[in-house]
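The structure appears below as structure tokens.
Just so it is clear: chains get the letters A, B, ... in the order the sequence lines come, proteins before strands, and each one is counted from 1.
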Amino acid sequence: MKKHPEPKQLFLDRMKELLGEKEVEVYLKILEQEPIKSIRCNTIKISAEELKKRLIEKSWKVSQPWKCNPEVMIINSDLLPGELGNALEHLLGYYYIQELASMLPLIALNPQSKEFVLDLCASPGSKTTQASALMKNSGLIIANEISLRRIKILSSNLERCDVCNAIITRKEGVAACERLKKFYPELKFDKILIDAPCSGEGTLRSTPKNYLMWNINTIKQLSGLQKKMVAAAVELLKIGGELVYSTCTHAPEENEEIVDFILRNFPDMKIQNLKLPIKSRKGITEWLGKKYLKETENSCRIYPQDNNTEGFFLAKFRRVK
Amino acid sequence: MSYLNKIKILNKEEKKQIEEKLKEQFGINEILGLLIESRTDRILLFQGNLNEKQIQKLERTLPIEKVGVYFATKIISENKIRLSIEGTQILKGQIKKNIFELNEQQAKEWMMGRELEIKTGKSDFLIMKYKDNFLGTGKASELKIGNFIPKNRRLKNQETPSI
């Protein structure tokens with residue numbers, strides 16, 4: 001059991017509003033447990049079958065929780081601290097340590113070989129490397145990131161995973177989209193991922209400092225930025241192209257409010273139904289007196305207590321004309 | 001030769017020169033994709049679907065930090081090429097000579113970033129291999145093999161039963 005800092009009262013009140021008084025207890029309880037050790041096989045370098053065989057030879061207990069995604073593995077053994085990251089297979093880029101819920105946006109986006117993909121907030125690269133593997137290292141990924149410090153991490157992860165189809169750019173997300181529209185209007189994308197900067201409520205278990213940093217004003221500010229980001233990105237989609245919006249937070253201002261914003265302001269963007277390999281809940285249609293469009297229900301909320309993962313939110317859109 | 005702001009994309013002739021050196025050193029025939037040289041003599045490999053002109057246009061649009069993956073380093077003083085870990089993995093199907101097979105203990109030492117005190121009888125760059133794993137390039141001299149494993153890719157000195 002892990003001991004975390006005390007959550008702020010307003011955060012607890014909001015979670016009670018979302019989950020109900022009783023379920024919040026279950027939610028808080030699961031946050032005290034150690035996260036499960038999940039990895040994603042980097043199929044650019046090795047097959048899932050071969051990696052599994054190698055890990056079993058190391059006496060690791062390996063399971064593949066999702067039938068349609070054999071590359072996703074859980075390590076059920078007790079490992080030494082840091083052993084997962086210090087294994088030869090990790091150092092050689094045969095797998096990426098990635099939380100299960102964080103794998104969902106790319107499973108939803110499902111980029112194909114030779115497609116053009118924009119990953120607008122790419123660091124640390126878990127989803128960029130996942131995209132590249134799905135695309136068989138072909139096509140193009142523009143992996144954009146604003147922070148130089150985070151670009152170093154991104155670059156190192158893309159290198160370790162042998163991502164040869166990506167170009168890393170450094171620009172604030174909205175500005176990056178605006179410049180692409182203005183100076184490179186013929187460059188359009190089949191798929192766009194906006195894994196938006198967020199308040200991180202879903203990652204409290206792995207990043208306990210988020211308990212201390214949580215602040216309602218930050219949520220409001222982020223919500224504004226997220227709206228600007230999606231508004232700037234929509235026009236970069238090809239007709240028929242798809243966009244996944246995701247966050248690792250539960251705050252509706254950063255989730256359904258953004259989905260509602262897209263649906264109201266961009267009628268060519270239609271929200272899609274998602275089939276995910278884990279339990280998810282519908283998006284909400286009302287929050288603190290604010291009503292969202294009925295279609296926001298097609299968004300997916302992932303709560304830690306449902307699958308023993310981090311908390312997540314995602315929604316997928318198609319540009320129909 | 002195309003000079004971009006920070007990077008230059010090698011033209012056909014320059015790429016051919018790299019390929020010829022790799023053929024001479026390791027028996028490699030062909031590199032698929034664009035080669036890009038950074039200021040530090042590092043060579044990057046890009047296999048995405050953008051051509052040289054499109055990359056240049058992108059660079060005029062957004063600040064580019066990196067194109068593709070670090071693949072090799074030009075050792076100008078010796079007129080040779082040293083492949084990175086990924087370089088050896090990408091080209092593993094073509095590497096035919098100057099391969100040094102490591103045993104488990106040597107591979108562990110190698111991945112910790114240590115020089116290997118081994119007399120190879122060679123004074124050249126060698127591809128380091130352990131079982132099916134390609135572990136980058138070492139520089140053999142009379143008594144040892146010099147190590148270039150970057151810090152962030154090294155095994156920590158952890159008591160693990162095996163690698």
Side-chain angles (χ1 to χ4, degrees), chain A residues 44-46 50 54 57-59 79-83 85-94 113-116 132 135 137-145 148 151-171 175-176 179-184 186-187, chain B residues 7 31-34 36 42 44-51 54-71 84-90 92 104 107-108 110-113 130-136 149-163:
Chain A
I44 291 174
K45 288 196 173 186
I46 192 170
E50 178 60 22
R54 288 182 62 138
E57 278 168 13
K58 293 164 84 83
S59 304
L79 303 180
L80 296 168
E83 192 175 348
N86 197 37
L88 180 68
E89 288 76 10
H90 181 252
L91 295 167
L92 293 181
Y94 296 168
S113 300
K114 295 185 181 171
E115 286 190 332
F116 277 30
S132 184
M135 296 159 75
N137 226 348
S138 70
L140 174 73
I141 304 175
I142 303 286
N144 184 69
E145 173 58 48
L148 192 56
I151 278 178
K152 285 181 182 162
I153 301 166
L154 171 67
S155 171
S156 154
N157 281 326
L158 298 198
E159 189 163 305
R160 189 173 51 80
C161 292
D162 186 17
V163 173
C164 291
N165 64 339
I167 295 180
I168 300 176
T169 59
R170 177 157 66 106
K171 201 79 189 163
R179 288 191 63 84
L180 281 169
K181 275 184 266 183
K182 192 170 177 186
F183 299 110
Y184 205 156
E186 64 275 29
L187 184 60
Chain B
I7 50 176
I31 308 162
L32 296 176
L34 291 176
I36 292 131
R42 282 160 72 101
L44 310 173
L45 173 67
F46 177 67
Q47 295 179 326
N49 288 21
L50 275 195
N51 62 31
Q54 290 169 319
I55 294 174
Q56 286 168 332
K57 184 158 186 185
L58 183 64
E59 204 192 25
R60 289 194 295 274
T61 306
L62 291 173
I64 290 181
E65 287 295 327
K66 193 175 183 185
V67 179
V69 74
Y70 165 49
F71 165 79
S84 68
I85 297 176
E86 274 58 47
T88 60
Q89 292 180 358
I90 291 164
K92 64 182 176 187
E104 183 176 343
K108 201 170 174 178
W110 177 256
M111 287 307 295
M112 284 176 172
Y130 168 62
K131 293 183 178 171
D132 294 336
N133 308 291
F134 284 78
L135 310 178
I149 300 285
K151 275 186 186 165
N152 64 346
R153 303 290 292 274
R154 290 180 192 170
L155 270 178
K156 309 283 180 299
N157 198 0
Q158 189 182 50
E159 284 307 314
T160 47
S162 68
I163 58 169

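- In this structure, the portion of A:Glu186 lying under 4.5 Å from any heavy atom of chain B is its side chain and not its backbone.
- Between B:Asn152 and A:Lys152 there is no side-chain heavy-atom pair separated by less than 4.5 Å.
- Contact of A:Leu148 with chain B is made through the side chain alone, with heavy-atom distances under 4.5 Å.
- A:Lys114 touches chain B through backbone and side chain together, each having a heavy atom under 4.5 Å away.
- A:Ala176 touches chain B through backbone and side chain together, each having a heavy atom under 4.5 Å away.
- The residue among B:Val69, B:Ile149, B:Thr61 with the most heavy atom pairs within less than 4.5 Å of chain A is B:Thr61.
- Proximity to chain B (any heavy atom under 4.5 Å) is restricted, for A:Leu187, to the side chain, taken from C-beta onward.
- Considering all non-hydrogen atoms of both residues, B:Tyr70 and A:Glu159 come closest at CB-OE1, 3.3 Å.
- Counting heavy-atom pairs under 4.5 Å between each of A:Leu180, A:Ile167, A:Ile46 and chain B puts A:Ile167 at the top.
- Taking 4.5 Å as the limit, every side-chain heavy atom of A:Phe183 sits out of range of all side-chain heavy atoms of B:Lys57.
- If you measure heavy-atom distances from A:Leu158 to chain B, the contacts under 4.5 Å come from the backbone alone.
- For B:Arg153, the side-chain hydrogen bond (donor to acceptor under 3.5 Å, both in side chains) test picks out B:Glu86, with sequence neighbours left out.
- To the nearest 0.5 Å, atom NZ of residue A:Lys171 and atom CD1 of residue B:Ile64 are 13.0 Å apart.
- Pairing each heavy atom of B:Phe46 with each of A:Leu140, the nearest pair is CZ-CD1, 3.8 Å.
- Using a 4.5 Å heavy-atom cutoff, the side chains of B:Leu155 and A:Asn86 are in contact.
- For B:Leu50, the part lying under 4.5 angstrom from a heavy atom of chain A is the side chain only.
- Comparing B:Leu135, B:Asn133, B:Leu44, B:Asp132 by heavy-atom pairs within less than 4.5 Å of chain A, the highest count is held by B:Asn133.
- Note that CD1 of A:Ile44 is 11.0 Å distant from CD of B:Gln89, once rounded to the nearest 0.5 Å.
- One distance of note links NZ of B:Lys156 with CG of A:Leu80; it measures 14.0 Å at 0.5 Å rounding.
- Only the backbone of B:Phe134 comes within contact range of chain A, with heavy atoms under 4.5 Å apart.
- The CG atom of B:Asn49 sits 11.5 Å away from atom CD1 of A:Ile141, with the distance rounded to the nearest 0.5 Å.
- For the set A:Ala166, A:Gly139, A:Gly85, A:Ser59, the entry with the most heavy-atom pairs within less than 4.5 Å of chain B is A:Gly139.
- For the side-chain hydrogen bond (donor to acceptor under 3.5 Å, both in side chains) test, residues two or more places apart in sequence or in another chain that qualify with A:Ser155 are B:Lys66.
- With a 4.5 Å cut-off on side-chain heavy atoms, A:Ile142 and B:Leu58 count as touching.
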